[in-house]
Amino acid sequence: MTDPRQTGTADDPVVIVGMAVEAPGGIETPEDYWTLLSEQREALSPFPTDRGWALDELFARTRAEGFKPIHDLGGFLASAADFDPEFFGISPREAVAMDPQQRVALRLAWRALENSGINPDDLAGHDVGCYIGASALEYGPRLDEFSEHAGHLITGTSLGVISGRIAYLLDLAGPAVTVDTSCSSALSAFHLAVGALRSGDCDMALTGGVCVMGSPGYFVEFAKQHALSDDGHCRAYSAHASGTVWSEGAGMFVLQRRSGARRDGRTVLAEVRASCLNSDGRTVGLTAPSEQAQAKLFTRAMRQARVAPGDVGMIEGHGTGTRLGDRTELRSLAATYGAAPPGRGPLLGSVKSNIGHSQSAAGALGLAKVLVAAQRATIPPTLHADEPSREIDWDSCGLRLADKLTPWPARDGERIGAVSAFGMSGTNTHVVVSIPEQGEPS
């Protein structure tokens, strides 16, 4: 990918001017999110009992031979079923047939625009793009089942309609794209949105990721693969990491070129210094990550952002808590960002230790964590990692594990952070942002 700073866009970079989040633990605002992180809380809870899931059978059947036990813990959105269809001009019958991911994404798009000082109604007919990361998570009956929801299911459960419904209801004229690269979906969508702004496909973009589980199927699949946590906690980058814990969540961002933000008088939350993605190619297995591909990506992102490893204060890693995933990521980070002098490199963490693995929304919630941490000049710790992974030599490596609330001083008026995500699709993503020391008036 051509370095945008060498193609005339250095003076007019893409910037983030608004954001919205929903996460387990009743988190509905960026302020709520920071409180959870700063209080070093875990937001996991028992499986919800109001979704019609056969939980007794679920827990009993995983005791069968070949399955790892599923613990009654996960990260679930308390507001997943909350929706005001009348507000958005949707009939109650159609709303029930809508995948909750559509409802949550629509709600967060509205909130992100309001967070940036934009009246959503004012965007009608404008070249605003909508790029959303999401995956199919088994909501509702099959299309060939004759049910009371027939007629609304094809739009209610289509992934493409997650972005399309936002564009339809807000009357947006820019591209509307839903992206599924599994657990890197949100940052893949973010990357496409950044590219669309740079190329002129749109003047503003809504982008992020959403995940609401329509069934506990991912728990079953990972129980069979023996990739769930031994004790129901996500121990990212810990010597005792044993598997992941699934969760839900969503994050949404409003992007503009800096010139547009200045023209409109918006506050810049962050500048996108780099946005990169690549593929693992062929590895030892379809879902196995590649240390070489990740290291190559990190190197390219630093080059595009024109930063050295020691310039980056915080890395929000993917950090799934799986043995293979953490090992691969730690080694690739150590080989790149670890080149900083010992004790002076980035602090690494993963919000999955607080809220679990939010799948297609993971990258969005990781980016939101970087932004709220920079705004408070404090890096929150990764939980459950009192004994760090032994996969790298922390003492000789510039990379450091965030194990406590740590001040994050600005350098030259800004804080630079990075966020990663990768998925079983083989798609790796990495974003580098700089956050102004004070909310920069545009």
Side-chain angles (χ1 to χ4, degrees), residues 3-21 29-31 108-132 166-167 170-177 186-187 189-208 251-275 304-307 364 367-376 410 412-419 431-442:
D3 185 344
R5 294 172 174 262
Q6 298 173 359
T7 59
T9 65
D11 295 331
D12 196 14
V14 175
V15 296
I16 302 172
V17 297
M19 65 181 292
V21 296
T29 67
E31 292 73 24
L108 255 67
W110 193 278
R111 289 180 184 171
L113 290 168
E114 289 186 328
N115 179 260
S116 62
I118 297 171
N119 180 347
D121 291 333
D122 291 343
L123 298 181
H126 288 273
D127 290 332
V128 179
C130 186
Y131 294 83
I132 309 298
I166 295 171
L170 298 183
D171 193 18
L172 309 180
V177 180
L187 288 191
F190 185 91
H191 176 81
L192 294 181
V194 169
L197 283 161
R198 288 174 174 167
S199 68
D201 284 344
C202 54
D203 301 323
M204 179 184 292
L206 281 160
T207 185
M252 195 75 68
F253 307 93
V254 182
L255 307 183
Q256 278 187 286
R257 299 297 287 268
R258 188 185 294 277
S259 60
R262 284 176 173 157
R263 178 196 64 223
D264 298 334
R266 309 205 198 289
T267 297
V268 171
L269 303 182
E271 173 188 329
V272 181
R273 297 283 292 272
S275 175
Q304 186 182 118
R306 292 191 172 182
V307 297
L367 178 56
K369 177 184 170 183
V370 170
L371 297 186
V372 298
Q375 289 166 357
R376 275 74 176 185
D412 300 323
E414 65 182 4
R415 296 176 177 87
I416 298 176
V419 56
V431 172
V432 180
V433 293
S434 62
I435 302 94
E437 186 171 7
Q438 305 284 335
E440 179 193 348
S442 301

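- Residues E271 and R258 have side chains in contact (heavy-atom distance under 4.5 Å, counting atoms from C-beta outward).
- Smallest separation of non-hydrogen atoms from G208 and A189: O-CB, 3.9 Å.
- Crowding of D412 atom CG: a count of heavy atoms from other residues, nucleotides or ligands under 6.0 Å not exceeding 12.
- Side-chain contact check for M252 versus L206: some heavy-atom pair is nearer than 4.5 Å.
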For this session: Begin with the C-alpha distance, continue with both residues' side-chain angles, and end with the deciding distance and a verdict on side chain to side chain contact (heavy atoms under 4.5 Å, CB included) for I16 and L255.
Result: CA-CA 5 Å; I16 302 172; L255 307 183; 3.5 Å; yes
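- Residue Y131 comes nearest to A196 through the heavy atom pair OH-CB, 3.1 Å, listed as atom of the first residue, atom of the second, then distance.
- No side-chain donor-acceptor contact under 3.5 Å links D12 to the backbone of R257.
- Without hydrogens or angle criteria, N119 side chain to D121 main chain gives a donor-acceptor distance under 3.5 Å.
- The two residues V370 and I435 come nearest to each other via the heavy atoms CG1-CD1, 4.2 Å.
- Taking all atoms of both residues into account, the shortest heavy-atom contact from R306 to R273 is O-NH2, 3.9 Å.
- Side chains of V14 and F190 form no contact here, defined as non-hydrogen atoms less than 4.5 Å apart.
- Looking at C202 and V128, their side chains never come closer than 4.5 Å, going by heavy atoms from C-beta outward.
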